[in-house]
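Report on one structure; see the data block that follows.
No hydrogens, no waters, no symmetry mates; every other heavy atom, side chains included, goes into these values.
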Amino acid sequence: MLLRPPALLRLPDGPARRRFRSWRRTRPFWAGTLLVLGGTELLVVPLSPVTVLVSLGLGGLAALGIGLALIAAGLFLWFLPSARHYVSVNALILSVLSFAATNLGGFLVGMALGIAGSAMGFGWTPRGDRTLAVALPAVLLTALAGPSADRAEAAEAPPGRPGPPVTASATPPSVTASRFSPHGFTLAGVSRLPTAEGRLKVIVLKMRAASLSDYRLRTRDGRAAGQLGLGARSLELRGEVTLHLTRFHGCLEGLLCLTFSPDTLPAPPVIPPFVFMTDVTAEQALVTADTITADGLELRALPGM
């Protein structure tokens, strides 16, 4: 009797295995697997009998929450692949936050698995739809080139042609808020607003609604006196909300503090709907919304700086 070496043994290629292979190829299966493994590792570390971890603490509780969220994200990639872009971006942010909020991201292992799984899930395309991977860079380049072409056309306009109307102050007022929560975030980008002193480069944020707590605005027109201060306990903006900012600083989920400007906007500039920022300071050039509701609104003159 001739025995085959173990290396040559193969599992039978039965109907169940073929169905599983067919199912696996229609979704970012390995990306979801990495997210499930990363979330599991984040769960295991604070619950393991490691002597360094004296108590569960806030880091352990955060690890449990982020770990469960990453496992859920992996399951979403398996069973709802159409939502892969939204899920992958959220999982990426949670993976990065795990470094500061948990035990160094599960001693870097869980964080690395989460980042790798998020990237694979975001970049995955169905086998029959490879054109998306080719078309996406072209669409992004076209979107970035569009504003540049508009600016070039405005710069080359004949002297007799009227310029764009002034829509913003050349020195945007400063704004602070203890909490900023966007709802239904749709777009971030860079544009230029016309002012009395030329065009002003700004970050553009669009969303369905936004909530700000302890809102404070102060003009910065350079005068020695006569500046204005606007304050409200809360500010609610709803319906086609657009923010134009020359600078934005805040702490993501109250943990990771970041500063953005038109020249340092992250790519891709995407913000998941559930994200909120604390300790916000910004330079606000222009705000538009269908409705603005203020609680405890106060407008008063302020002494010069």
Could you tell me if the side chain of R247 sits less than 4.5 Å from the side chain of T259, heavy atoms only? yes
Are K201 and D263 close enough that some pair of their side-chain heavy atoms sits under 4.5 Å apart? yes
Rounded distance [0.5 Å steps], OG1 in T281 versus CZ in R216: 15.0 Å
Side chains of P173 and R218, heavy atoms from C-beta outward: is any pair under 4.5 Å? no
So W124 and F29, do their side chains get closer than 4.5 Å, heavy atoms only? no
Check for a donor-acceptor pair, side chain of R238 on one end and backbone N or O of T291 on the other, with a separation under 3.5 Å. no
Report yes or no: does T195 contribute a side-chain atom to a donor-acceptor pair with the main-chain N or O of A170 at less than 3.5 Å? no
Measuring from atom CD of Q284 to atom OG1 of T176, what distance do you get when rounded to the nearest 0.5 angstrom? 10.5 Å
In short, P81 meets T26 closest at the heavy-atom pair CG-O, 4.1 Å
Steps toward side-chain hydrogen bond (donor to acceptor under 3.5 Å, both in side chains) verdict (E283, T246): CA-CA 5 Å; E283 295 174 3; T246 58; 2.8 Å; yes
Answer whether the closest heavy-atom distance between the side chains of L212 and L237 falls below 4.5 Å. yes
Backbone N or O of S178 within a donor-acceptor pair of the S213 side chain at under 3.5 Å? no
In this structure, CZ of R300 is separated from CG of L228 (nearest 0.5 Å) by 10.5 Å
Working to the nearest 0.5 Å, report the span between CG of L64 and CG of L43. 6.0 Å
S211 side chain near H183 side chain, heavy-atom distance below 4.5 Å: yes
Kindly give the heavy-atom pair with the smallest separation between A209 and V241, and that separation in Å. CA-CG2, 4.0 Å
Test side chain to side chain contact (heavy atoms under 4.5 Å, CB included) on F180 and L243; report intermediate values, then the result. CA-CA 12 Å; F180 167 64; L243 309 180; 4.0 Å; yes
Within the 4.5 Å heavy-atom criterion, are R19 and P15 side-chain neighbours or not? yes
What's the separation between atom CG in L297 and atom OG in S234, rounded to the nearest 0.5 Å? 10.0 Å
Please report the interatomic distance CG(L68) to CG(L94), rounded to the nearest 0.5 Å. 11.5 Å
So L80 and V87, do their side chains get closer than 4.5 Å, heavy atoms only? no
What's the shortest heavy-atom distance between L42 and G67, and which atoms? CB-CA, 4.1 Å
Looking only at heavy atoms, what is the nearest atom pair of A232 and A294, with distance? CB-CB, 4.2 Å
Evaluation steps, side chain to side chain contact (heavy atoms under 4.5 Å, CB included), between I115 and L92: CA-CA 5 Å; I115 292 175; L92 177 62; 4.1 Å; yes
Has F76 got more than 12 heavy atoms of other residues, nucleotides or ligands less than 6.0 Å from its CZ? no
Residues S98 and I66: closest non-hydrogen pair is CA-CD1, 3.9 Å
Can you see which heavy atom on L70 is nearest to which on G38, and at what distance? CD1-C, 4.4 Å
